[in-house]
Amino acid sequence: MARFLAWDDGTCRLLFIRSAVGTGRTFFARSWLGNRVGEVLDWSGGGLDEATETDLLIHRLRADATLHLAVILAPDASLWDLSSRTQCLVARHRDLLLDARETARLVGPGARAAAGEAQGIHELSGGWLAAAQALAAHPKAEARALQIIRSGLAPWLAHRDPEGALSEAGFLPAFDRRTVEAFYGEFSPVVHTLEELVEAGLVQGDGRGGWMMPAMVRQVLVERVGLRGHEPTTVLEQAAVNAMAATRGVGAAVESAVASRSWSALLNLLLEHWVDIFLGNPQHLGAVAAKVPHFIAAQTGYMHMGLRFLGQADRDGMALQLPGFEPDYATNQTAQRLHRDTQRLYAKPNTHALTVGLLETAHLRLEGLYPEAAHAAKRLIEALHRALDTRKLNSALVSWIELQAGISLQLAGLDVRARQAYERGFHWARVSGKAFLLADVAGKLALVNILEGDGAATERWLAEHDAAIGDVGWGRAMVERTAALARAYLALARLDYAGFEELMGSLPPKPDNDEFWAAHAQLLALRKINAGTSDAARAMVSSLREERRYASASPLAKRLFSDTLMLAEILDRGGMRSGTGIGTEQRDPLLLALGHLLNGNPDAALAALQDVPLTGGLRRRGNLALYLDLAARNPEGPTPQALQRVRGLHRDAGALYEISILGLIPGWSEVGRALQLGPEEFQRLGYALDLAPAPLPRRPVLTAREQEVLRQLREGMTRRQIAVADYRSENTVKTQMRSLYRKLQASDVEHALEHARDWGL
């Protein structure tokens with residue numbers, strides 16, 4: 001009453017009260033009269049001509065200057081019409097509801113409820129006087145308090161909210177202007193406001209500066225809407241969750257959905273926004289998903305698979321498990337089912353379809369099915385681009401899809417397509433503003449570019465990574481890993497061995513389960529090779545191939561390991577021998593060309609370079625292919641024109657390691673002096689070339705007749721048999737064999753055949 005009369009000057013003698021039963025309206029009327037001459041009139045039953053009756057009241061008040069009248073109106077009475085007839089006070093439904101402080105005074109000394117329970121009573125009853133009194137007298141009398149509110153609110157709503165639009169707000173867990181408008185904007189052509197809910201007495205202050213809907217009022221509203229059937233309830237639950245996500249964040253929406261047990265709405269929310277939650281804290285996402293009842297989760301068919309991935313998240317990132325069983329796509333039932341489902345869902349790609357596609361690519365990678373994962377990634381990208389043509393998608397989800405597709409493509413050895421996917425992913429990461437995505441995709445782009453030999457692009461992407469990494473929370477160590485690998489490769493490209501050692505010190509001493517563990521392993525092997533322990537590098541590669549048999553079968557791992565072994569052979573022996581156990585199809589054509597040049601076989605080097613486009617931008621290419629081509633065409637050493645070409649290439653986009661490799665080739669050891677290198681660069685180059693061992697003897701060049709004699713010896717023919725077969729004298733054959741032994745540095749037939757095999761003759 002004190003709050004209601006705070007702005008009254010005391011001159012009004014007529015009070016109209018329009019409020020629901022249970023709010024203490026009669027008590028309020030009597031309190032207003034106090035000890036003054038007056039009367040309480042109850043018109044709440046209806047059936048009166050209120051305008052006429054009000055005119056009669058006005059006559060009474062004019063006839064008796066001391067008379068005060070309090071009138072309880074029906075819910076549908078027109079306050080505007082009545083109050084326009086004379087000076088009066090009007091008490092609305094919301095005026096009679098106790099606020100939090102008033103409820104605390106009601107619960108005060110003498111009540112059975114402790115004073116500390118007043119806030120709880122207020123949040124339950126919302127200040128309905130009769131309900132609050134019942135709870136204060138008997139704290140466990142919730143059923144009675146609810147019945148009081150239900151009995152009063154139901155008829156009140158029948159008049160105040162006949163269409164049930166305001167009652168639908170009972171599904172909204174939190175209230176502010178934006179959230180209420182977002183909620184109604186989801187499904188209603190009429191956007192109701194917070195003010196309307198407050199005016200109707202359904203929402204009120206929570207005592208802490210915000211707004212709340214009392215729990216018992218909410219229950220009555222939900223019951224009322226529920227009478228319309230299950231479908232409206234489902235729509236409203238989803239609208240409430242969407243409104244919370246739009247205005248208060250996905251985390252708040254998830255929590256509210258779990259609290260209200262709106263499982264269907266929660267599943268839809270997770271499907272639409274899981275990537276936002278994952279990027280913030282996947283462990284939280286896993287904890288929320290785990291609260292979904294099993295029978296609800298089973299409806300999606302994929303919740304258990306998603307939980308499997310979420311279960312691999314720890315404080316620093318994803319603790320992925322490398323494949324432990326032999327991959328077999330034909331018998332992998334989950335892979336087959338995912339493929340069938342994505343084929344069907346991609347007909348009309350949406351968020352659900354794309355999420356299932358992500359699960360497919362992730363499952364295939366975890367199972368060691370790398371070529372199949374790349375194929376699935378291509379299909380996923382195609383579906384994504386078709387979806388973008390027809391609908392608006394979560395930009396973070398689009399970026400995540402391109403990122404994951406790029407990983408699948410890179411592990412499968414499709415570097416160019418992987419780089420394109422990463423670049424699109426970075427664009428969408430910018431749109432999303434997610435620091436995690438910006439830093440992660442930039443790091444992946446740095447790695448793929450340095451493995452292609454583009455040092456300048458690597459530096460640009462590392463700068464983008466550095467600009468975003470400071471804002472990354474969860475998963476920062478995981479996101480930094482790929483960038484650290486790219487930096488280490490870049491240090492090697494610059495022959496910056498001190499910087500390389502520092503970077504390697506920041507990485508784990510052994511490869512862990514990061515998806516790019518093979519690149520880490522190669523760097524560790526290169527570190528050993530640089531230290532002059534090539535045997536240790538070979539042993540490490542062999543051990544990893546055995547321990548990680550199925551993960552080592554990825555095209556990326558196979559390529560990196562074969563390159564490492566081949567480089568170890570070339571640098572260790574100063575050339576390339578046959579029988580290294582590396583299949584020809586796995587060998588880097590550039591390393592093959594280098595090996596042939598060190599062996600003194602420029603023609604074979606040129607043949608190997610036919611498999612490499614003589615342009616930059618391919619797998620660790622840079623200028624190296626062009627340098628090797630120049631060396632193969634000038635086996636005696638660089639001409640002035642060749643040196644000019646090298647200077648121009650290095651000046652425009654050169655890496656120091658390319659010059660160091662060129663300097664290993666006989667006749668080209670002084671190429672570094674022809675370049676305009678700074679003192680530090682020249683020192684690094686000299687150090688690298690000093691580490692290089694002396695090349696093997698030049699590969700023997702046999703005449704056609706000597707090659708024929710070698711073939712006949714291999715077939716087991718004696719000197720006499722060769723002479724007879726060729727119609728030559730035995731002395732002539734003897735002379736040819738002596739020349740053959742000299743070139744092969746052999747003393748007899750057995751040694752000659754062994755050395756010929758070593759040279760690949």
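Values in this document were obtained by computation on a predicted structure and should not be read as measured data.
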Test side chain to side chain donor-acceptor pair (under 3.5 Å) applied to R391 - qualifying residues, sequence neighbours left out: none

Results of side chain to side chain donor-acceptor pair (under 3.5 Å) for E402 - residues two or more places apart only: H385, R424

Neighbour count >12 (heavy atoms, 6.0 Å) for atom CZ, F187: yes

Pairs under 3.5 angstrom only: tabulate donor-acceptor contacts from the side chains of residues 211-222 to other protein residues two or more places apart or in another chain.
residue : atom : partner : partner atom : Å
R218    : NH1  : G170    : O            : 2.8
R218    : NH1  : L172    : O            : 2.6
R218    : NH2  : L172    : O            : 3.3

Residues that W32 engages under ring pair (Phe, Tyr, Trp, His ring centres under 6.0 Å), provided they are two or more places apart: H68

Mind checking what makes salt bridge (charged side-chain N to carboxylate O under 4.0 Å, His left out) contact with [X], not counting sequence neighbours?
X	result
R430	E464
R62	none
R379	E360

According to salt bridge (Lys or Arg N to Asp or Glu O under 4.0 Å), does anything in [range] pair up with another residue at least two apart or in another chain? List the pairs.
range	answer
residues 151-167	D161-R224
residues 14-43	E39-R60
residues 93-102	R3-D99, R3-E102, R94-E199
residues 126-153	R150-E223

Aromatic plane relationship, H93 with W156 - under 30° parallel, 30 to 60° tilted, over 60° perpendicular: parallel

Please list every donor-acceptor pair under 3.5 Å in which a side-chain atom of residues 246-254 meets a protein atom from a residue at least two apart or in another chain.
residue : atom : partner : partner atom : Å
T247    : OG1  : T179    : OG1          : 2.8
T247    : OG1  : A243    : O            : 2.8
R248    : NE   : D176    : OD2          : 3.1
R248    : NH2  : F175    : O            : 3.3
R248    : NH2  : D176    : OD2          : 2.9

